[in-house]
Structures are given as structure tokens and as C-alpha cells.
Amino acid sequence: FTNSMEEILRSIPHRPPFLFIDTIEEIRDDGATCTRTIRMGEPQFEGHYPGNPIMPGVLLCEACFQTGAIYLAKQIEKEIPTKNINQRAFVDSAPVLEKPIAAQGGLGWIGKNTLLIDDSDGSWFFLGEIYTSIPLPPDNKETQNLCGKCNACLRVCPTNAFPEPYVLDAKKCISYQTIENKREIPIEIRPLMGNRVFGCDDCQIWCPWNRQPSQASEDIFKPKHNLDNESLLSLFNWSEREFNEKTLGSPIKRIGYERWLRNLAVGLGNAPGCPEILESLKERKKESSSLLKEHISWAIDEQIRKLSS
């Protein structure tokens with residue numbers, strides 16, 4: 001079985017999301033079960049730096065990686081047609097404790113920024129998992145932690161979301177607030193967000209293990225609709241139809257139009273005083289939900305304050 005399984009892994013087209021690090025070595029029938037982590041490479045865009053209109057990196061297509069994981073699961077099922085296999089593939093699609101599992105599988109160590117780090121790829125990759133009922137030999141190949149005395153990720157966090165190394169206060173994390181939080185973004189967090197309207201990668205960008213990120217070569221990972229060089233005001237003026245069309249296949253789409261506008265309103269509130277921004281905020285506020293109105297009102301007050309100073 002080992003040889004044919006390896007042939008399956010190597011026969012999959014080598015394009016995103018197919019960069020497999022681990023393989024299945026044997027199948028046991030003694031009742032033992034475990035999960036086997038398979039890492040898939042993540043092509044990267046250039047990082048987000050002050051002045052960029054929006055983070056290009058947020059446009060990575062998890063759906064593409066999810067398709068790859070599902071494809072692999074189906075191939076495994078075809079290889080063992082006589083077994084009744086129960087499987088499910090994940091790529092950032094469910095609350096899976098993937099980082100600890102990956103660390104235990106020897107795919108890297110958990111850094112002080114709570115992310116999985118590999119000594120050759122840094123933390124710029126997706127983790128894909130297949131939960132399976134196939135009995136597999138357990139892995140126990142933990143990698144040495146190489147963070148050393150470095151605290152770059154802790155120092156650079158805009159909101160001081162790390163109370164101590166290896167501990168993240170999610171409520172202070174911009175990624176949590178802009179992506180996972182479905183309600184109001186705390187007022188004390190808003191000025192610290194700057195122009196980060198979908199996630200924040202500062203703790204990765206400043207990590208020495210990410211100093212030489214690889215660049216995407218596949219068209220599917222390149223920014224679409226000029227989203228890597230678009231002004232926040234232009235994005236704020238999108239209709240809901242434009243939002244749905246231009247974020248199709250992007251992780252941005254899952255936060256929905258309302259929270260997209262909420263985040264952009266905060267970004268516009270943090271922008272330098274501009275009459276055009278102020279006018280657009282006032283116009284959008286006329287027909288908005290209570291959640292959106294609250295954030296737009298905050299942004300309007302910020303713009304008025306800057307324009308009058």
C-alpha cells in the first residue's frame with residue numbers, strides 16, 4: 001500500500017494547493033487511530049506596509065486549498081475501495097486545532113506570535129488536514145523551538161495583543177476584530193487599526209523567519225480587480241453587487257457586505273482629513289444598519305476633527 005499511496009501523492013498536479021510534505025507510511029488493523037497532518041504550500045504576495053491602501057495578502061484563496069485537500073481525500077478512498085472510510089478535509093474551513101497537531105507532527109514549532117513556524121518557509125503557508133477513520137501510525141516528531149530571544153512579533157503588534165510570549169488576547173487582535181467579530185469594534189481598538197480593513201499580518205511580516213517570502217507564480221493567487229492598489233474610499237463606494245462580484249473566491253466575501261463597510265469606515269476615519277471622504281461617509285450613513293451607522297458616525301467625527309484642526 002505504501003508504494004501506491006506515494007504514487008497517488010506524486011501524481012497530483014504540482015500547482016496550488018499541491019505541495020505535500022507528509023505521506024502515509026502504512027495502514028494498521030489493530031484499532032489504533034490518529035490524524036496525519038499534510039502541509040500544503042502557500043504562495044505569498046508582498047507584505048502590507050504603512051501607506052498601502054489594502055493588504056494584498058488577504059486575497060489568498062483558501063477555497064483552492066480546500067479543493068486540493070478534498071481531492072486527496074477522494075483519492076485515498078479510491079485506493080481502498082473495500083474499506084468503509086469516514087473522512088473530512090479542512091483548510092481553514094472549521095475550528096480545527098491544526099497548529100498543535102502540525103507541531104506534534106513535526107511540521108514546525110509554535111512561535112511567540114502563536115503561529116506555526118517552519119525554519120525554511122517561516123509562517124507563510126496554509127495548513128490542510130484530513131480527519132480520517134483509517135488507522136495510521138502515530139507521529140511524534142516535534143520540532144525544536146527556534147524563536148530564541150527574539151521578540152520582534154510582540155513589539156510590532158499595533159494593539160499590544162500579546163500579553164506575554166505565546167499568548168494572544170484575541171479581543172485586541174486586529175485580525176479577530178475585522179474578520180471574526182460580528183458586532184461593534186471596540187472604540188479603543190479603532191485608531192490602532194490604521195488602514196487594516198481585513199486582518200493584520202504585522203507579527204508575521206516582522207518575524208525573521210519570514211524575511212525572504214516566496215512570491216506567487218500562479219495567476220489564481222494574484223490580486224484581482226486592482227484590489228492590491230485600490231483606495232479605501234473607492235472600496236467603500238462599492239455597491240453590494242460589486243462586493244459580491246469582486247470578492248468571489250476570496251476570503252473577504254465571508255465577512256459579508258455590512259462588516260466590509262464597517263471595517264472600511266474605521267479605515268476612513270483613520271485617514272487624513274479629506275472633504276471627499278467626509279461626504280461619502282455622510283451619504284452612506286443615510287441608508288445603513290445600526291451597526292454600520294455607529295462606525296460611520298465615529299469615522300465622521302474623526303474626519304471633522306482632522307479637517308477643523
Side-chain angles (χ1 to χ4, degrees), residues 48 53-55 57-60 62-63 90 92-99 113-115 156-163 167-204 227 230-271 277-278 280-306:
H48 167 74
I54 187 173
M55 291 175 60
V58 303
L59 305 178
L60 292 168
E62 282 110 330
F90 305 92
D92 198 22
S93 56
V96 175
L97 295 176
E98 55 191 9
K99 290 184 291 184
N113 58 4
T114 72
L115 299 175
V156 76
C157 178
T159 59
N160 292 315
F162 298 101
V167 177
L168 171 67
D169 183 350
K171 292 182 179 179
K172 289 185 177 181
C173 178
I174 291 175
S175 288
Y176 169 79
Q177 291 296 340
T178 57
I179 300 174
E180 305 300 338
N181 182 13
K182 299 179 180 180
R183 300 182 180 181
E184 294 83 5
I185 296 175
I187 292 178
E188 64 272 18
I189 296 293
R190 297 177 196 179
L192 305 175
M193 287 171 52
N195 61 358
R196 301 170 184 84
V197 299
F198 188 88
C200 174
D201 279 330
D202 286 19
C203 65
Q204 296 196 82
L227 281 173
E230 193 69 87
S231 71
L232 296 185
L233 183 58
S234 175
L235 299 174
F236 188 69
N237 288 329
W238 277 0
S239 66
E240 187 168 7
R241 179 177 180 179
E242 286 178 294
F243 170 81
N244 290 328
E245 290 177 350
K246 294 183 178 182
T247 61
L248 185 64
S250 162
I252 293 176
K253 186 170 173 51
R254 75 181 179 92
I255 69 172
Y257 185 56
E258 180 186 47
R259 282 191 281 159
W260 170 246
L261 293 177
R262 176 201 65 181
N263 298 347
L264 285 166
V266 174
L268 292 174
N270 290 327
I277 290 177
L278 180 59
S280 184
L281 288 166
K282 290 180 177 179
E283 187 64 27
R284 174 71 72 178
K285 184 181 177 181
K286 295 177 181 178
E287 297 181 4
S288 297
S289 65
S290 57
L291 174 68
L292 189 51
K293 281 182 179 178
E294 196 278 328
H295 290 78
I296 292 178
S297 295
W298 177 87
I300 288 174
D301 290 342
E302 289 295 300
Q303 281 291 315
I304 291 175
R305 178 179 63 80
K306 293 170 183 176

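Just so it is clear, the model here is predicted, and its values are computed rather than measured. Computed from heavy atoms alone, side chains included, the values below leave out hydrogens, waters and symmetry copies. Throughout, residue positions are numbered sequentially from 1 according to the sequence presented.
- Residues meeting the salt bridge (Lys or Arg N to Asp or Glu O under 4.0 Å) test with R284, sequence neighbours left out: none.
- Between K293 and S288, the shortest heavy-atom distance links the atoms CE-O, 3.2 Å.
- For E287, the CD atom is loosely surrounded, since the number of other residues' heavy atoms within 6.0 Å does not exceed 12.
- Residues L278 and I300 have side chains in contact (heavy-atom distance under 4.5 Å, counting atoms from C-beta outward).
- Between atom CG of residue D169 and atom SG of residue C157 there is a gap of 9.5 Å, rounded to the nearest 0.5 Å.
- Q177 places a side-chain N or O within donor-acceptor distance of the main-chain N or O of K171, the cut-off being under 3.5 Å.
- Rounded to the nearest 0.5 Å, atoms OG (S289) and NE2 (H295) are 9.5 Å apart.
- Residues N263 and I185 have side chains in contact (heavy-atom distance under 4.5 Å, counting atoms from C-beta outward).
- With sequence neighbours excluded, the residues that form a side-chain contact (heavy atoms from CB on, under 4.5 Å) with T114 are K99, F162, L168.
- Among residues two or more places apart in sequence or in another chain, the ring pair (Phe, Tyr, Trp, His ring centres under 6.0 Å) test is passed with F243 by Y257, W260.
- Side chains of P158 and C200 form a contact here, defined as non-hydrogen atoms less than 4.5 Å apart.
- For the pair T178 (side chain) and G199 (backbone), a donor-acceptor distance under 3.5 Å is present.
- With a 4.5 Å cut-off on side-chain heavy atoms, V197 and F236 do not count as touching.
- Remark: side-chain polar atoms of Q303 are paired, donor with acceptor, to backbone N or O of L268 under 3.5 angstrom.
- Contact detail for A265 and I296: the closest heavy-atom pair is CB-CG1, 4.0 Å.
- With values rounded to the nearest 0.5 angstrom, L281 atom CG is found 10.5 Å from L261 atom CG.
- Applying the salt bridge (Lys or Arg N to Asp or Glu O under 4.0 Å) rule to pairs touching residues 258-267 yields nothing, sequence neighbours excluded.
- Applying the salt bridge (Lys or Arg N to Asp or Glu O under 4.0 Å) criterion to E180, with sequence neighbours excluded, gives R254.
- Side-chain polar atoms of K253 and N244 form a donor-acceptor pair below 3.5 angstrom.
- Every residue two or more places apart in sequence or in another chain that forms a salt bridge (Lys or Arg N to Asp or Glu O under 4.0 Å) with E245 is listed here: R241.
- Taking every heavy atom of both residues into account, A271 and K306 meet most closely at O-NZ, 2.8 Å.
- W298 approaches G269 most closely through the heavy-atom pair CZ3-CA, 4.0 Å.
- Between R196 and D201 there is no salt bridge, since no side-chain N of the basic residue sits under 4.0 Å from a carboxylate O of the acidic one.
- To the nearest 0.5 Å, atoms CE (M193) and CD1 (I174) are separated by 6.5 Å.
- A distance of 11.0 Å separates CG of N237 from CG of L232, quoted to the nearest 0.5 Å.
- In this structure, CG on N160 lies 12.5 Å from SG on C173, to the nearest 0.5 angstrom.
- A donor-acceptor pair under 3.5 Å is absent between the side-chain atoms of N270 and the main chain of L192, judged by distance alone.
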